[in-house]
Amino acid sequence: MRIDKFLNSVNITKRRSVAQDMISNKVVLINGVIAKSSKNVEVGSVITINYLESSKNYEVLQIPTTKSTPKSLQADYIKEL
């Protein structure tokens with residue numbers, strides 16, 4: 001699954017366009033490498049998002065099969081490190 005779709009479907013970002021904007025501004029990294037929108041996410045990857053004052057790391061546990069997942073099931077797909 002593409003990184004921009006993944007961020008949206010597991011409720012890290014509210015909209016896919018927000019995820020694409022974050023990626024174009026080079027604040028999203030996958031395994032320490034700056035991500036492009038077309039980069040695929042795999043199980044076990046570590047996603048880092050650098051916000052203005054902090055950064056958050058997420059480990060991918062599984063890839064969602066639906067377009068969106070309930071926020072209550074977010075822990076099934078990602079783990080915050």
Side-chain angles (χ1 to χ4, degrees):
M1 178 178 273
R2 291 169 51 113
I3 181 67
D4 53 352
K5 280 181 150 181
F6 181 81
L7 293 175
N8 184 42
S9 66
V10 297
N11 300 309
I12 293 176
T13 60
K14 289 191 181 271
R15 291 190 172 84
R16 186 172 171 193
S17 60
V18 172
Q20 289 172 331
D21 189 44
M22 291 171 70
I23 292 166
S24 67
N25 287 317
K26 300 180 180 174
V27 298
V28 179
L29 292 85
I30 299 176
N31 297 326
V33 178
I34 295 173
K36 295 182 181 177
S37 291
S38 60
K39 178 73 174 163
N40 284 328
V41 178
E42 299 171 352
V43 174
S45 297
V46 176
I47 298 171
T48 304
I49 301 176
N50 296 316
Y51 295 104
L52 292 174
E53 298 174 359
S54 65
S55 64
K56 291 193 175 187
N57 295 316
Y58 301 98
E59 182 181 355
V60 178
L61 301 177
Q62 64 180 354
I63 305 297
T65 56
T66 58
K67 184 176 178 181
S68 63
T69 58
K71 195 135 179 118
S72 61
L73 297 177
Q74 186 178 30
D76 294 344
Y77 297 100
I78 57 171
K79 177 175 72 172
E80 190 169 346
L81 305 175

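Note that the coordinates shown come from a computational prediction; the quantities given were computed from them, not determined experimentally.
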For the residue pair S55 and N50, what are the closest heavy atoms and their distance? CB-OD1, 3.2 Å

For S9 and T69, the nearest pair of non-hydrogen atoms, with its separation, is O-OG1, 2.7 Å

Could you tell me if the side chain of [Y] sits less than 4.5 Å from the side chain of [X], heavy atoms only?
X   : Y   : answer
R16 : R2  : yes
Y77 : V60 : no
K56 : Y51 : yes

Among pairs that include at least one residue of residues 39-49, which meet side chain to side chain donor-acceptor pair (under 3.5 Å), considering only residues two or more places apart or in two chains? T48-N57

Can you tell me how far CD1 of I47 sits from CD1 of I12, rounded to the nearest 0.5 angstrom? 5.5 Å

So CG of L61 and CG of D76: to nearest 0.5 Å the spacing works out to 8.0 Å

Side-chain donor-acceptor pair under 3.5 Å between Q20 and D4, yes or no? yes

When you group the ILVMFWY residues by side-chain heavy-atom contacts below 4.5 Å and let the links chain together, are [Y] and [X] in the same group?
X   : Y   : value
F6  : L81 : no
M1  : I3  : yes
M22 : V46 : no
I23 : V18 : yes
V10 : L29 : no

Applying side-chain contact (heavy atoms from CB on, under 4.5 Å) to E53 and not counting sequence neighbours gives none

Test side-chain contact (heavy atoms from CB on, under 4.5 Å), reference T13, set N8, V28, I49, D21, output is N8

